[in-house]
Structure formats: structure tokens, C-alpha cells
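Along the sequence shown, residues are numbered consecutively beginning with 1. Keep in mind the model is a prediction, meaning the values are calculated, not measured.
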Amino acid sequence: MFIAFLKFLMRWFQRLVVLAALIALGVWLFYIGREHQIFLDNKTLGEFKALEQVNVSVNGGEVSELMTRERSVQKVVGPKFEIKAEVFNEDGEIVNTITKEIKIDDLCKFQFSKDIMINLPTLVAGEGNFIVPAPR
């Protein structure tokens, strides 16, 4: 009788372990497969003037050419992405190239936000707070 009871408990314990593993797998897949909209904003923000022309790509994807006061949106999947910005002058020559890896966890602590807006003039200037509230 006691052995039958132990087998019963062991069977329920195994089921609980499998259930916990499936829940953990679901949370992990949600985390790495989440799609985010990245708004790339080339507008004046405080003392940082809008750039004349900037080409921006996210994760080496499609290049967005942004002129002064323009905004573009790109989609990324996963908890981190790499942004590359090439700044041009009036003559069309590349003045500055910036590559930065951004982790969404660092930006959105305790939030499940899908939208992130990056202000390009502050990113190019090297300021730490280049993330601004996304449009609703």
C-alpha cells in the first residue's frame, strides 16, 4: 500500500516537472521571438539639431534614408538589435558612421513595450538617453 502511494506521488511529481518545463519553454520562446517596432526619428530634440541626411539600418536590413524632420519605422525580432547610422554632409559625403548594439531589456525594464523610438541626433552625439517615448 505504501509503495503504491509512493508511485502515485512520483507520477504527480513528474507531471508537475514536465508542466513547469513547458511553461518555462513558452516564456523563453515569447522572450526571444517578440517583434518590436523601432521608430527612427531625425528631429531636433533639445540642443541636438536634426541631421541633414542620415542612412540608418537595423540588423543590417533595409537602409532608411532620412532627411531633416523625417521618421521611419523598422521591425526587429528578439531581445537585442544593432543599429548603424551613416551621417552625410551637404555635399553627400559620409561625415560619421555609428554602430551600436541595443538591448531592449536595458530600455524597457519591467515593461512589455513593443514600440521604441530612437532619436538619431542624440544617438550620433553620443548621449546616453537617445530613447524617447514612442508615438501612440
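Rounded to the nearest 0.5 angstrom, Phe81 CZ and Lys100 NZ are separated by 10.5 Å. Separation of atoms NZ (Lys84) and CG (Asn59) is listed at 13.0 Å; rounding is to 0.5 Å.
Minimum interatomic distance between Thr99 and Glu82 (heavy atoms only, all atoms of both residues): CG2-CD, 3.6 Å. Between Val95 and Phe88, the shortest heavy-atom distance links the atoms CG2-C, 4.0 Å. Here the shortest heavy-atom pairing between Ala50 and Thr44 reads N-OG1, 3.2 Å. The two residues Glu65 and Glu70 have their closest heavy-atom pair at O-OE1, 3.7 Å. Gly61 and Ser57 get closest at one heavy-atom pair: O-CB, 3.8 Å.
In this structure, Phe39 and Ile116 have side chains that are not in contact, with every pair of non-hydrogen atoms separated by 4.5 Å or more. Looking only at side-chain heavy atoms (C-beta outward), Asn96 and Ile98 come within less than 4.5 Å of each other. Annotation: side chain of Leu120 is in contact with side chain of Val56 (closest heavy-atom distance under 4.5 Å). Looking at heavy atoms from C-beta onward, Met67 lies out of side-chain contact with Glu52 at the 4.5 angstrom threshold. Residues Ile102 and Ile118 have side chains in contact (heavy-atom distance under 4.5 Å, counting atoms from C-beta outward). Within the 4.5 Å cutoff, side-chain heavy atoms of Leu45 are placed close to those of Val132. Taking 4.5 Å as the limit, every side-chain heavy atom of Asn55 sits out of range of all side-chain heavy atoms of Val87. Put simply, the side chain of Lys75 does not reach to within 4.5 Å of the side chain of His36, judged on heavy atoms.
Without hydrogens or angle criteria, Asn89 side chain to Asp91 main chain gives a donor-acceptor distance under 3.5 Å. With hydrogens and angles disregarded, a donor-acceptor distance shorter than 3.5 Å links the side chain of Asn42 to the backbone of Leu51.
For Leu16, the CG atom counts as densely surrounded, since its 6.0 Å shell holds more than 12 non-hydrogen atoms of other residues, nucleotides or ligands. Residue Lys43 places its NZ atom among more than 12 non-hydrogen atoms of other residues, nucleotides or ligands, all under 6.0 Å distant. For Glu101, the CD atom sits in a packed shell: over 12 heavy atoms of surrounding residues, nucleotides or ligands are nearer than 6.0 Å. Under a cut-off of 6.0 angstrom, the local environment of CZ in Arg15 is crowded, with over 12 non-hydrogen atoms contributed by other residues, nucleotides or ligands.
Checking Gln74 against Ser64 by side-chain atom types alone, a donor-acceptor pair falls below 3.5 Å.
The hydrophobic clustering, which links ILVMFWY residues whose side-chain heavy atoms are closer than 4.5 Å, places Leu29 and Tyr31 together. Under a hydrophobic clustering in which Ile, Leu, Val, Met, Phe, Trp and Tyr are joined whenever their side-chain heavy atoms come within less than 4.5 Å, directly or via other members, Leu6 and Phe13 fall into different clusters.
Each of Asn119, Val73, Leu123, Leu66 was evaluated against Asp41; a single residue qualifies, Asn119, per the side chain to side chain contact (heavy atoms under 4.5 Å, CB included) test.
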What's the verdict on side chain to side chain contact (heavy atoms under 4.5 Å, CB included) for Leu40 and Ile83, showing C-alpha distance, side-chain angles and the deciding distance? CA-CA 10 Å; Leu40 305 167; Ile83 186 168; 3.6 Å; yes
